[in-house]
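In the text below, chain A, chain B and the rest are named by the order of the sequence lines, each starting its count at 1.
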There are 2 protein chains.
Amino acid sequence: MDVTLVEGVRRFNRTVTQRIGALDDAFLSRDRPLGQARLLWEIGADGCEVRELRSRLELDSGYLSRMLRGLETAGLVVVDTGGADARVRTARLTAAGLAERAELDRRADALAASILQPLNAGQRDRLVAAMAEVERLLVASMVDVAVVDERHPDAAHCIESYFAELTQRFGFDPARTIPADLTAYLVATLHGEPVGGAGLKLVDAGVGEVKRMWVSASVRGLGLGRRLLAEVEAAARGRGVRVVRLETNRTLVEAIALYLAAGYREVGAFNDEPYAHHWFEKVLEA
Amino acid sequence: MDVTLVEGVRRFNRTVTQRIGALDDAFLSRDRPLGQARLLWEIGADGCEVRELRSRLELDSGYLSRMLRGLETAGLVVVDTGGADARVRTARLTAAGLAERAELDRRADALAASILQPLNAGQRDRLVAAMAEVERLLVASMVDVAVVDERHPDAAHCIESYFAELTQRFGFDPARTIPADLTAYLVATLHGEPVGGAGLKLVDAGVGEVKRMWVSASVRGLGLGRRLLAEVEAAARGRGVRVVRLETNRTLVEAIALYLAAGYREVGAFNDEPYAHHWFEKVLEA
DNA sequence: CTAGTTCTCTGACTAAGGTCAGAGGATGGA
DNA sequence: TCCATCCTCTGACCTTAGTCAGAGAACTAG
């Protein structure tokens with residue numbers, strides 16, 4: 001890894017993360033413990049199930065329970081057993097809790113404004129643009145890619161989403177396509193949620209196919225498609241594959257652009273997939 | 001303040017600051033309390049006076065003392081009374097402490113590398129560039145500008161630095177220039193240290209002069225000159241000034257460019273400053 | 001209906017972070 | 001020389017953060 005890049009990230013972490021982070025926490029905790037303030041914020045205007053809070057904030061159930069009791073005695077929150085399942089309890093903000101949260105909101109705005117205030121208009125625009133770029137790329141970097149079995153729930157979710165999108169885009173019918181029979185599926189997750197995937201099917205000796213590649217709309221533009229393609233190629237190479245093939249529908253123009261940019265070249269049909277218009281192939285480098 | 005800009009800053013704070021901040025802390029504290037780890041880091045390879053640590057980390061003296069004792073019993077630090085003043089004690093890292101710090105350094109590198117690792121080369125470059133931009137602009141935003149008296153130590157520091165720079169750049173001699181006799185001096189500070197300033201001198205009714213404007217080399221390129229000029233104009237306007245004048249030496253090309261960009265136009269000599277080659281004037285808007 | 005699981009809560013506990021008052025030596029200015 | 005101040009340290013104390021074990025009610029699969 002290039003040393004100057006690493007040094008750049010470290011400088012950023014030192015200056016930005018610590019200084020702005022400390023500011024952020026200081027404003028959030030107005031005479032209330034930071035944990036409770038965060039919790040108040042996270043519950044939100046519409047309330048939130050306790051178990052949802054637990055998983056989102058990654059808190060010990062005892063600890064969370066105690067904090068909720070604290071907010072409850074402060075009159076900011078009520079916890080009731082609302083839904084069908086009487087074990088699950090839901091935390092809701094009272095009027096006072098909503099007011100408190102609105103105050104936090106105002107203070108977060110004020111903090112952001114105070115950062116922008118000393119800058120001139122051009123600097124403000126540049127700062128916000130650079131912040132958005134950093135955020136986007138850090139999110140991209142937080143995406144995890146792992147190899148799972150085709151039947152893994154995350155893989156199933158990706159494949160279903162893939163079918164759903166094709167159905168919506170060009171009237172695809174899952175029953176008519178060639179069954180995939182995948183050797184492996186790569187799942188990309190963000191904060192534990194599957195946001196993309198790509199399947200590898202070993203066909204003949206040294207030949208693999210990329211199938212069921214999908215990227216969630218929520219993470220488009222982060223280069224995830226390119227990354228998945230590269231990782232599936234790496235997985236194929238690790239299994240002795242020399243040539244990777246794939247086919248696609250003509251309406252999927254972004255996918256076609258991706259394949260061409262990744263070094264695939266169009267070849268004649270190598271299968272009779274009813275929905276395919278283009279067939280591609282790439283010889284992997286040793 | 002534009003709402004979308006504020007929203008952008010808030011998104012950044014949420015996603016980046018908290019997530020990377022938490023990561024940063026987690027790696028830093030390897031089975032040692034975070035406070036002690038930070039302290040170890042801050043002492044540095046060359047040691048550091050205890051009072052310096054106290055002010056840099058803004059710690060209670062008792063608390064700091066206790067943490068130093070902790071590091072001392074762990075064999076990572078020695079605290080001795082080194083210098084001329086026997087009250088002041090200096091913390092130094094032992095060999096074990098240096099090794100520990102080097103390990104922290106390695107881990108910080110690894111953390112940075114792990115952020116870059118999932119990205120492709122183009123994304124890495126863009127991320128680091130955007131991080132540098134964010135950092136630069138946040139530093140610019142942390143600069144404080146305040147009006148002080150000409151004799152304030154910070155003002156004196158700025159004026160001395162100004163003279164020193166002119167001396168170095170074109171053989172300026174402070175004894176030969178027109179005495180300034182300033183009405184007010186604006187000092188820009190970063191983390192409490194003066195990094196720039198500009199003086200205002202009221203001459204005739206409705207006429208002010210900008211004198212002794214200086215920006216430290218450490219913060220060049222952050223738009224501080226432009227900001228100081230704008231703030232000194234605002235201060236002048238608040239004192240009933242309609243026309244701002246200033247003169248400059250021909251070697252100070254950045255300054256001349258700044259004045260022109262800020263709406264100053266060149267006029268005839270309005271004083272007999274021996275080092276001046278250009279005289280500028282700007283009519284302030286109501 | 002039963003046995004195992006899920007969800008929340010309480011009690012008991014520990015570590016870390018942080019504050020405050022004051023002791024005691026060292027220094028510096030009148 | 002003396003008194004106020006500075007620097008560091010100790011003791012006493014408090015809050016926040018976080019962990020662990022287990023109880024008890026509610027649910028679910030067989």
> Going by side-chain contact (heavy atoms from CB on, under 4.5 Å), name the residues that satisfy it together with B:E193, two or more places apart in sequence or in a different chain.
none
> Atom CG of B:L59 and atom P of C:dC20: how far apart are they, to the nearest Å?
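About 14 Å, once rounded to whole Å.
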> If the sugar-phosphate is the primed atoms plus P, OP1 and OP2 and the base is the rest, what is the B/S/- string for nucleotides 7-17 of chain C, using protein heavy atoms under 4.0 Å?
SBBBBB---SS
> Which residues satisfy the side-chain contact (heavy atoms from CB on, under 4.5 Å) test with B:R10, sequence neighbours excluded?
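Here the qualifying residues are A:W41, A:D105, A:A108, A:D109, A:A112, B:V6, B:R14.
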> Just how far, in rounded Å, is P of D:dT8 from CG of B:D80?
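The answer, rounded to whole Å, is 12 Å.
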> With sequence neighbours excluded, what pairs up with A:F163 under the ring pair (Phe, Tyr, Trp, His ring centres under 6.0 Å) test?
A:F172
> Suppose the criterion is salt bridge (Lys or Arg N to Asp or Glu O under 4.0 Å): which pairs have a residue in residues 40-50 of chain B, not counting sequence neighbours?
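Found B:E42-B:R56, B:E49-B:R51.
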> For A:A37, report the nucleic acid contact type (base, sugar-phosphate, nothing); a contact means any heavy atom under 4.0 Å.
nothing
> Would you please name every residue forming a side-chain contact (heavy atoms from CB on, under 4.5 Å) with A:D31, sequence neighbours left out?
none
